[in-house]
Amino acid sequence: MSIAVTLPDGNQLSLPDGATGADAAAAIGPGLARAALAVRVSHPEAGEQSQLRDLSSPLPDGAQIAIITAKSGQEALALIRHDAAHVLATAVMELYPGVKISIGPAIEGGFYYDFDFPEGVSLSEEAFPEIEARMREHIAAGEPFTRTDVPVPKARERFVAEGQDYKVELIDDLVAAAEPDSPLRSVSLYENGPFTDLCRGPHAPSTAAIGAFALQSVAGAYWRGDPSRRMLTRIYGTAFFSKKDLAEHLRLLEEARARDHRRLGRELGLFAFSEISPGSPFWKPAGMVIFNELTELWRAENRARGYREVRTPIIYDVELWKRSGHWEKYKDNMYFADVDGRPMGLKPMNCPAHIELYKDERHSYRDLPVRYSEAGIVHRHEPSGVLHGLLRVRHITQDDAHIFCTEEQVTDEVVACLRFGFFMYEIFGFEPRLELSTRPEKRIGTDEMWDRAERALAGALESEGLAYELNPGDGAFYGPKIDLHMTDSIGRSWQLGTVQLDYSMPERFEISYTGADNAEHRPVMIHRALLGSFERFVGILIEHYAGRLPLWLAPSQALVLTISERAAAYGGQVAQSLRDAGLRVQLDDRSESLGRKVRDAELSRAPYMLVVGEQEAQAGTVAVRRRDGHQESGVHLDELIERLLGEVAARR
RNA sequence: GCCGGAGUAGCUCAGCUGGCCAGAGCACCUGUCUUGUAAACAGGGGGCCACGGGUUCGAAUCCCGUCUCCGGCUCCA
């Protein structure tokens, strides 16, 4: 008996019945046999999805296979990172008797393992060298990973006996999750050296595959992500096939940290934070330039699309929040004040304010859609642990807008919002990720309303041919939403824009418009912010550009650097001419060397340095140095101004 | 909010097994230098050692509490 498998190059390989991935690799060549880590098996004819398996697993007849080696990219890295998680657990169990283990997957960029340490034991990063040393011993020993499939009761018994409660719970949940017609009979255990773990696999043949690793940080994490459950200790690490790759990875992380907007914000004098008002940025003059340029862009583009700008109060009688439903759901995250004995609350949202405006006039169907925009200042008492520079603040300036429209206008309006959003993001070269979030458990409104709203949003996305992720249960309490997400310098995802459909607020506030039939009808409300908040958007911008903002956004667009005191007067004239042309220019006529001035200018990330000495004064020119180091001498002032203005206008 | 870590000059950090007037570099000020594309030289000023309490003859250093920040987790209208 023999089986045949197909290799990635299309060739058939004939193997004895029961042959494994390791046998296949050996049949292809001894080099591959040594390098093989796992095997990818797919069997489309048998209706089987492509699956990564242990090398020791027997291959099915007729399958397509690919041997995974260190050169297989992310897939191979994820494999050894998962291996490394097991080795981490091995070391921790040896060093901390009585520790309970939970789960330890590979994640983007590395791996983690969650532990429950015995009472009174807490782990800090100081323990890493000892744990790493123990891990290295297990890796050097090249301990094989061996898989055993064990009947459920036997596996459960084993973990009960060992006091590994989390593993017992995992087994029980696996049993409960199995389809009734195919109950779970066995689970797989993987053994490496002294350690055995409940694990689906696969793993590399031995711990020796882990070429280089590092433990990175320790953090708390709720068991199963549930804040009502116990908090476990999570150890993060990463692993690579070579020390060189690990070093390169750590270097890139270090570089990313240099782009952190909190650091750049301080270094470039853009904004500050103070203990006196946690979570609320203090914008400095340079940062305010960016904020204002964005505001101008926002205002002009809104106007061009039929939005009318409004401005509403920040403090309201709490009755408003009770009526809107915010009180019920968010009162713990709102700020309140007693005003002459009258309870008032700072707005956490602008929508009820815009509803007040809408209600101040009567509306005909001919007026719709009514589009109000506001750079609305809202306050949300975000939990202390989530504050993060400009990316998560308590004082938020939203680029908010509310559209009141008829049912028939909904799709067109949502599509217009999405196109508007993409238009704005394109200016910065952003490629946002889209998410559609549907009805949450805690919500207001009827199921029919939710059905309609969700269909409308999905329809708009599909009509635009946009790819999106579905986020069930993540919608706002009054309606489903489409969110636009961006990633920061170290890969954390942040929501920027949002388009939310709302049939509930109009109902609660009983707003209406007069239809063609002369009867009163309920409008639909669209809540939307495209940048999200100016604060968060600026934070993402700073990291995206690593502080080197395009000319139109740069707080100082050009610095005039004088070579000596003899050029000071001419330098002043140059600076003034550029300012007269509407550019933001500063003069550096300090008694310092040119080298020093160039260095300081480079560190300030100013796009242009204009060097002037006696030669330039004579000729009426400047020597232009761009922040990328490119130099050009003898540029006439008029030409320079024209060029810079062109660049500003193009928002490059 | 939860777990862990940290708060010393404007910034980055040293000092912290308790005891010499609390230090360095950068920044800042003054003077000299008059500079041709990433750091001239010299001198000087600057600190409720986060805040409150405790232990001690004595606390930046040890203990407790509070606040803030950092890394995660949960949350994010």
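Just so we're on the same page: letters track the sequence lines, and every chain starts at 1. Heavy atoms only: backbone and side chains are in, while hydrogens, waters and symmetry mates are out.
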In whole angstrom, give the distance that lies between atom [atom1] of [X] and atom [atom2] of [N].
{"X": "A/Asp116", "N": "B/rC3", "atom1": "CG", "atom2": "P", "answer": "13 Å"}
{"X": "A/Glu592", "N": "B/rU32", "atom1": "CD", "atom2": "P", "answer": "14 Å"}
{"X": "A/Ile563", "N": "B/rA38", "atom1": "CD1", "atom2": "P", "answer": "12 Å"}
{"X": "A/Leu232", "N": "B/rC3", "atom1": "CG", "atom2": "P", "answer": "13 Å"}
{"X": "A/Met609", "N": "B/rU37", "atom1": "CE", "atom2": "P", "answer": "14 Å"}
{"X": "A/Asp589", "N": "B/rU35", "atom1": "CG", "atom2": "C1'", "answer": "14 Å"}
{"X": "A/Lys597", "N": "B/rU35", "atom1": "NZ", "atom2": "P", "answer": "12 Å"}
{"X": "A/Leu559", "N": "B/rA38", "atom1": "CG", "atom2": "C1'", "answer": "14 Å"}

For [N], which nucleotide in any strand shown is its Watson-Crick or wobble partner with both distances under 3.5 Å?
{"N": "B/rA40", "answer": "B/rU32"}
{"N": "B/rG65", "answer": "B/rC51"}
{"N": "B/rC2", "answer": "B/rG72"}
{"N": "B/rG25", "answer": "B/rC11"}

I'd like a list of close polar pairs between nucleotides 24-29 of chain B and the protein, N/O only, cut-off under 3.5 Å.
{"from": "B/rA27", "atom 1": "OP1", "to": "A/Arg596", "atom 2": "NH2", "distance (Å)": "2.4"}

Cationic N near anionic O, under 4.0 Å, [X] to [Y]:
{"X": "A/Arg626", "Y": "A/Asp628", "result": "yes"}
{"X": "A/Glu632", "Y": "A/Arg643", "result": "yes"}
{"X": "A/Glu592", "Y": "A/Arg599", "result": "no"}

**Study point:** Residue-level proximity of residues 311-324 of chain A to RNA chain B when a heavy atom falls under 4.0 Å
**Key:**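 Result for residues 311-324 of chain A: none.
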Point to revise | With A/Glu602, the side chain to side chain donor-acceptor pair (under 3.5 Å) member among A/Lys597, A/Arg627, A/Arg625 | key: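 In the set A/Lys597, A/Arg627, A/Arg625, the residue that makes a side chain to side chain donor-acceptor pair (under 3.5 Å) with A/Glu602 is A/Arg625.
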For [X] and [N], is the shortest distance between a side-chain N/O and OP1 or OP2 below 4.0 Å?
{"X": "A/Arg266", "N": "B/rU12", "result": "yes"}
{"X": "A/Arg230", "N": "B/rC3", "result": "no"}
{"X": "A/Arg625", "N": "B/rA38", "result": "yes"}

Review point. Which of these, A/Trp321, A/Tyr316, A/Phe336, sits in a ring pair (Phe, Tyr, Trp, His ring centres under 6.0 Å) with A/Trp327?
Key: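 The passing option is A/Phe336.
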With a non-hydrogen cut-off below 4.0 angstrom, is [X] in contact with a base, only sugar-phosphate, or nothing?
{"X": "A/Glu328", "result": "nothing"}
{"X": "A/Ala623", "result": "base"}
{"X": "A/Gln398", "result": "nothing"}

Check your understanding: With distance as the sole test, does A/Gln557 use its side chain to make a donor-acceptor pair with the main-chain N or O of A/Leu551 at under 3.5 Å?
Key ->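 Looks like yes, one N/O pair under 3.5 Å.
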Review point. Counting heavy atoms not belonging to A/Ile276, are there more than 12 under 6.0 Å from its CD1?
Key: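 Incorrect, the count does not exceed 12.
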Practice item. Mark yes when over 12 heavy atoms from residues, nucleotides or ligands other than A/Glu328 sit less than 6.0 Å from its CD; otherwise mark no. Key: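 No, not enclosed.
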**Study point:** Euclidean distance, A/Ile403 CD1 relative to A/Ile526 CD1, rounded to 0.5 Å
**Key:**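 A/Ile526 CD1 to A/Ile403 CD1: 4.5 Å, rounded to 0.5 Å.
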Any side-chain donor paired with an acceptor under 3.5 Å for [X] and [Y]?
{"X": "A/Gln500", "Y": "A/Thr498", "result": "yes"}
{"X": "A/Glu535", "Y": "A/Thr397", "result": "yes"}
{"X": "A/Thr312", "Y": "A/Glu356", "result": "no"}

Point to revise | Euclidean distance for P, B/rG15 against B/rU8 (whole angstrom) | key: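 Roughly 14 Å separates the two P atoms.
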Review point. Using atom P of each nucleotide, how far apart are B/rG52 and B/rA9 to the nearest Å?
Key: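 Between the two P atoms, the distance is 16 Å.
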Check your understanding: Pick the nucleotide of RNA chain B nearest each of A/Arg599 and A/Gln615; which residue has the one closer to the 5' end?
Key ->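 Whichever sits nearer the 5' end wins; that is A/Gln615.
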Point to revise | Under 3.5 Å donor-acceptor pair, A/Ser591 side-chain atoms to B/rU32 base atoms | key: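 No.
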Point to revise | Parallel, tilted or perpendicular: ring planes of A/Phe273 versus A/Phe271, cut at 30 and 60 degrees | key: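 Answer is perpendicular, since the angle exceeds 60°.
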Study note, to complete from the structure: Counting primed atoms, P, OP1 and OP2 as sugar-phosphate and everything else as base, the B/S/- map of nucleotides 64-77 of chain B against protein heavy atoms under 4.0 Å is ---SSSSBBBBBBB
